[in-house]
Amino acid sequence: MLFMQDSNQDMKKLKSSFFKRSTLVVAQELLGKVLVFKNFRGVITETEAYMGFDDPASHAFRGLTPRTEVMFGPAGFSYVYLIYGMYHCLNIVTEKEGFPAAVLIRGVKLLSKSGLHLDGPGKICRHLGITREHSGLNLITDNEFYVGCIKHNFEFTTTPRIGIKVATDKLWRFLAKLPKE
DNA sequence: ACCCCGATCGTA
DNA sequence: ACGATCGGGGTT
């Protein structure tokens, strides 16, 4: 077992102030935090940052649309979209209202006896049952959809973001160095 | 109304 | 390396 399972009572929910910061900082500090969705809990192992009006890889690059509206809103809300007509991807909105940015959750290691590592944004949403219906939810106030804190200061590495053809010089993908089995 | 492309995944 | 599969966004 890689991670100790904390009880519900010990799980401190991350506040709005955690997410209302530089997206690069939030993306890196989300590593080692616990994603909670209904009965599921998992340590976040991989993230990517999408930020601002000048990031050509971001959905917000071409302006505010009904789909991307939540990215322009306050920090701490979910942004879930459908990709390739088949897969959902979960993001958490960051930075101040009006500045479109979010962190894509790309890897989660489940806190359960299986310890299953969901290594890909589509796999995470498929396994947890997250769809567009879960977009625009407030993770600061929600009691079954939020991010909890049990670990800090994970070692991490950075790489370019996956699956994009632009801004490949930006090292905005963050990978936790997991403890050995 | 139509067309093109995509923050992916599983198989080859 | 590639196909599946369909919503979003831009264009007509």
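Here is the naming used below: chain letters follow the sequence lines, and residue numbers restart at 1 for every chain. Note that these values count all heavy atoms, side chains included, but never hydrogens, waters or copies made by symmetry. Worth saying up front: this structure is predicted, and the values here are computed from it rather than measured.
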A/Ile124 CD1 to B/dT8 P, in whole Å, measures 11 Å
- Please work out if A/Arg161 contacts a base, only the sugar-phosphate, or nothing of the nucleic acid, heavy-atom cut-off 4.0 Å. nothing
By nearest-nucleotide position on DNA chain C, the 5'-leaning member of A/Arg132 and A/Tyr87 is A/Tyr87
Next item on the list: Classify the nucleic acid contact of A/Ile83 as base, sugar-phosphate or nothing, counting any heavy atom under 4.0 Å across all strands shown.
Entry: sugar-phosphate
Item to complete: Please state whether the phosphate of B/dG6, meaning OP1 or OP2, lies under 4.0 angstrom from any side-chain nitrogen or oxygen of A/Lys165.
Response: yes
In short, A/Trp172 meets A/Asp55 closest at the heavy-atom pair CZ3-OD2, 3.6 Å
Distance col, row A/Leu128:CG vs A/His88:NE2, nearest 0.5 angstrom, shows 12.5 Å
Separation of B/dC9 atom P from A/His127 atom NE2, nearest Å, is 14 Å
Rounded to whole Å, CZ of A/Arg62 lies from P of B/dC5 at a distance of 12 Å
Dot-bracket assigned to DNA chain B with the 3.5 Å Watson-Crick/G-U criterion, [ ] for crossing and | for other-strand pairs, is ||||||.||||.
Minimal heavy-atom distance between A/Ile44 and A/Leu30, with the atoms involved, is CB-O, 3.4 Å
A/Arg106 atom CZ is separated from B/dC9 atom C1', nearest whole Å, by 11 Å
A/Cys149 and A/Met11 have their tightest heavy-atom pair at N-SD, 4.0 Å
Rounded to whole Å, NE2 of A/His88 lies from C1' of B/dG6 at a distance of 15 Å
>> Using side-chain heavy atoms (C-beta onward) and a distance below 4.5 Å, is A/Cys89 in contact with A/Leu104?
In response: yes
>> Contact between A/His59 and A/Asn91 at the side-chain level, heavy atoms closer than 4.5 Å - yes or no?
In response: no
*Ring-ring centroid check A/Phe77 A/Tyr79, cutoff 6.0 Å*: no
Rounding to 0.5 Å, atoms CE (A/Met71) and CE (A/Met51) come to a distance of 10.5 Å
**Study point:** A/Tyr84-B/dG6 aromatic stacking (under 5.5 Å, under 30°)
**Key:** no
Of A/Gly85 and A/Asp119, the one whose closest nucleotide on DNA chain B sits nearer the 5' end is A/Gly85
note: A/Ile130, atom CD1; B/dT8, atom C1'; distance rounded to Å ~ 16 Å
Smallest heavy-atom separation, A/Phe19 atom then A/Lys15 atom, equals CD1-O, 3.4 Å
Within residues 92-100 of chain A, the residues having a heavy atom closer than 4.0 Å to DNA chain B are none
Here the pair of heavy atoms bringing A/Phe174 nearest to A/Leu24 is CZ-O, 3.9 Å
d(A/Lys13 NZ, A/Thr141 OG1) to nearest 0.5 Å is 7.0 Å
Quick one, A/Pro160 and A/Leu171 - any side-chain contact, counting heavy atoms below 4.5 Å? yes
A/Ile162 CD1 to B/dC9 C1', in whole Å, measures 13 Å
(Q) Considering every strand and a 4.0 Å limit on heavy-atom distances, what is the contact class for A/Gly122: base, sugar-phosphate, or nothing? (A) sugar-phosphate
Its 5'-most and 3'-most nucleotides having an atom under 4.0 Å from a non-hydrogen atom of chain A, DNA chain C is contacted over C/dA4 to C/dG10
Whole-Å distance, A/Met86 CE to B/dC5 C1', equals 16 Å
